[in-house]
S.K.: 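Shown below is the structure under consideration.
Along the sequence shown, residues are numbered consecutively beginning with 1.
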Amino acid sequence: RPKDGHRLQRRGLGRQGCLGLRPRRQHGELQHHLTAAALAQVGPQRVAHLGGRSVTTLSGGERARTHLARALAQIWEPLPGVPHRWLLLDEPTAALDLAHQHQTLRLLRHWAVEHSVGVVVVLHDLNLALRYAHDAVLLAEGGGQFGRVDEVITPETVGRVWGVGC
């Protein structure tokens with residue numbers, strides 16, 4: 001399946017937003033309510049107006065924000081018997097402008113802190129990681145380091161791993 005969702009191109013965004021809920025077996029009004037609530041979380045003035053558009057007409061940033069809304073809709077309510085909810089996101093800020101990068105990571109941190117959702121995000125922007133992450137995993141040269149973000153991402157580490165002085 002292509003990473004950017006090209007197989008869903010012929011569907012309208014309103015339907016695509018609901019597609020992510022099918023594994024949860026949500027249907028009808030509840031499905032539409034969860035989708036609308038998730039779209040509102042990523043910014044009603046930024047995404048909700050896209051509901052009638054085809055996926056093929058979205059910019060990279062609009063597509064990234066709607067994918068985030070889909071992910072939020074999937075974990076919106078805990079499943080019976082499932083004690084933990086997780087968001088696993090690969091570069092959710094890659095196609096976003098600066099304002100949307102910060103809005104996205106503030107939202108993810110909110111979900112982690114206020115809703116007890118585990119959030120694992122792959123980021124290559126060290127400044128964003130330092131600002132929003134609680135913990136970090138740094139993978140380099142066949143090894144890794146895990147800990148509090150400010151203990152993992154240090155000037156010494158940046159110099160050793162990337163050869164760049166801070």
Side-chain angles (χ1 to χ4, degrees), residues 1-5 8 11 13-51 53 55 58-139 144-153:
R1 181 176 189 202
K3 188 174 182 177
D4 62 2
L8 301 175
R11 297 186 186 273
L13 180 59
R15 288 198 55 187
Q16 181 182 351
C18 293
L19 287 178
L21 295 173
R22 286 196 177 152
R24 299 274 315 265
R25 306 283 187 237
Q26 302 291 347
H27 299 286
E29 285 300 312
L30 179 58
Q31 183 179 31
H32 291 289
H33 166 73
L34 291 175
T35 301
L39 286 169
Q41 282 278 303
V42 297
Q45 71 279 16
R46 296 176 180 95
V47 181
H49 69 282
L50 304 175
R53 288 181 45 191
V55 176
L58 300 179
S59 71
E62 290 168 336
R63 190 173 293 174
R65 294 193 313 275
T66 57
H67 283 308
L68 177 58
R70 286 175 59 190
L72 290 174
Q74 289 176 345
I75 63 150
W76 196 266
E77 295 178 350
L79 290 173
V82 179
H84 305 290
R85 295 177 289 168
W86 288 90
L87 280 172
L88 307 173
L89 303 167
D90 183 14
E91 290 286 344
T93 60
L96 302 178
D97 63 33
L98 186 62
H100 285 110
Q101 289 175 6
H102 286 274
Q103 181 212 9
T104 296
L105 292 176
R106 276 193 307 271
L107 176 62
L108 294 175
R109 187 169 176 109
H110 169 80
W111 273 80
V113 173
E114 300 298 324
H115 299 283
S116 299
V117 170
V119 178
V120 177
V121 176
V122 174
L123 286 176
H124 290 103
D125 186 320
L126 301 180
N127 292 313
L128 290 174
L130 282 164
R131 183 163 182 173
Y132 292 102
H134 293 113
D135 297 306
V137 176
L138 177 66
L139 302 176
Q145 184 179 349
F146 171 77
R148 284 187 18 191
V149 69
D150 59 343
E151 294 172 354
V152 173
I153 302 174

S.K.: Mind listing the closest non-hydrogen atom pair of L68 and L89 along with its distance?
M.R.: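 L68 and L89 have their closest heavy atoms at CD1-CD1, 4.1 Å.
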S.K.: Should R109 and H134 count as side-chain neighbours, where that means a heavy-atom distance under 4.5 Å?
M.R.: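 The answer is yes, as the side chains (C-beta and beyond) meet within the 4.5 Å cut-off.
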S.K.: Can the ring centres of W86 and W111 be said to be less than 6.0 Å apart?
M.R.: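 No, ring centres 6.0 Å or more apart.
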S.K.: Using only atom types and a distance under 3.5 Å, with no angle test, would you say the side chain of T93 pairs donor to acceptor with the backbone of L96?
M.R.: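 No: the side chain of T93 does not pair with the backbone of L96.
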S.K.: Is the shortest side-chain heavy-atom distance between Y132 and H102 below 4.5 Å?
M.R.: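 Yes, their side chains come closer than 4.5 Å.
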S.K.: Looking at residues at least two apart in the chain, or sitting in another chain, which of them share a side-chain contact (heavy atoms from CB on, under 4.5 Å) with L126?
M.R.: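 Here the qualifying residues are I153, V158, W162.
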S.K.: Just wondering, are more than 12 heavy atoms of other shown residues or ligands nearer than 6.0 Å to CZ in R106?
M.R.: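 It does: R106 CZ has more than 12 such atoms within range.
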S.K.: On a heavy-atom basis, which atom in L139 and which in G144 lie closest, and how many Å separate them?
M.R.: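 That would be CD2-CA, 4.1 Å.
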S.K.: Less than 4.5 Å apart, any side-chain heavy atom of H110 and any of H115?
M.R.: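 Result yes, sub-4.5 Å side-chain heavy-atom pair found.
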S.K.: Just jot down the side-chain contact (heavy atoms from CB on, under 4.5 Å) partners of H124, sequence neighbours excluded, or say none.
M.R.: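 Once residues adjacent in sequence are excluded, the partners of H124 under the side-chain contact (heavy atoms from CB on, under 4.5 Å) criterion are E91, V122.
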S.K.: Atom CG of D97 and atom CD of Q103: how far apart are they, to the nearest 0.5 Å?
M.R.: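 Here the rounded value is 9.5 Å.
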S.K.: Given L123, which of D90, L105, L130 fulfils the side-chain contact (heavy atoms from CB on, under 4.5 Å) condition?
M.R.: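 It is L105; the other options fail the test.
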S.K.: Heavy atoms, side chains only, cut-off 4.5 Å: are L108 and V117 in contact?
M.R.: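 Sidechains of V117 and L108: no contact.
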S.K.: Q101 versus L98: any side-chain heavy-atom pair under 4.5 Å?
M.R.: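 In short, these two side chains touch, coming nearer than 4.5 Å.
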S.K.: Is it the case that the side chain of R63 and the backbone of A95 share a donor-acceptor pair, with hydrogens and angles ignored and the cut-off at 3.5 Å?
M.R.: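 Checking the backbone N and O of A95 against the side chain of R63, no donor-acceptor pair under 3.5 Å is found.
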S.K.: Atom CZ in R131, atom CG in D125: separation rounded to 0.5 Å?
M.R.: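 One gets 11.0 Å once the value is rounded to the nearest 0.5 Å.
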S.K.: Between D135 and F146, is there a side-chain heavy-atom distance shorter than 4.5 Å?
M.R.: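 F146 vs D135: side chains touch.
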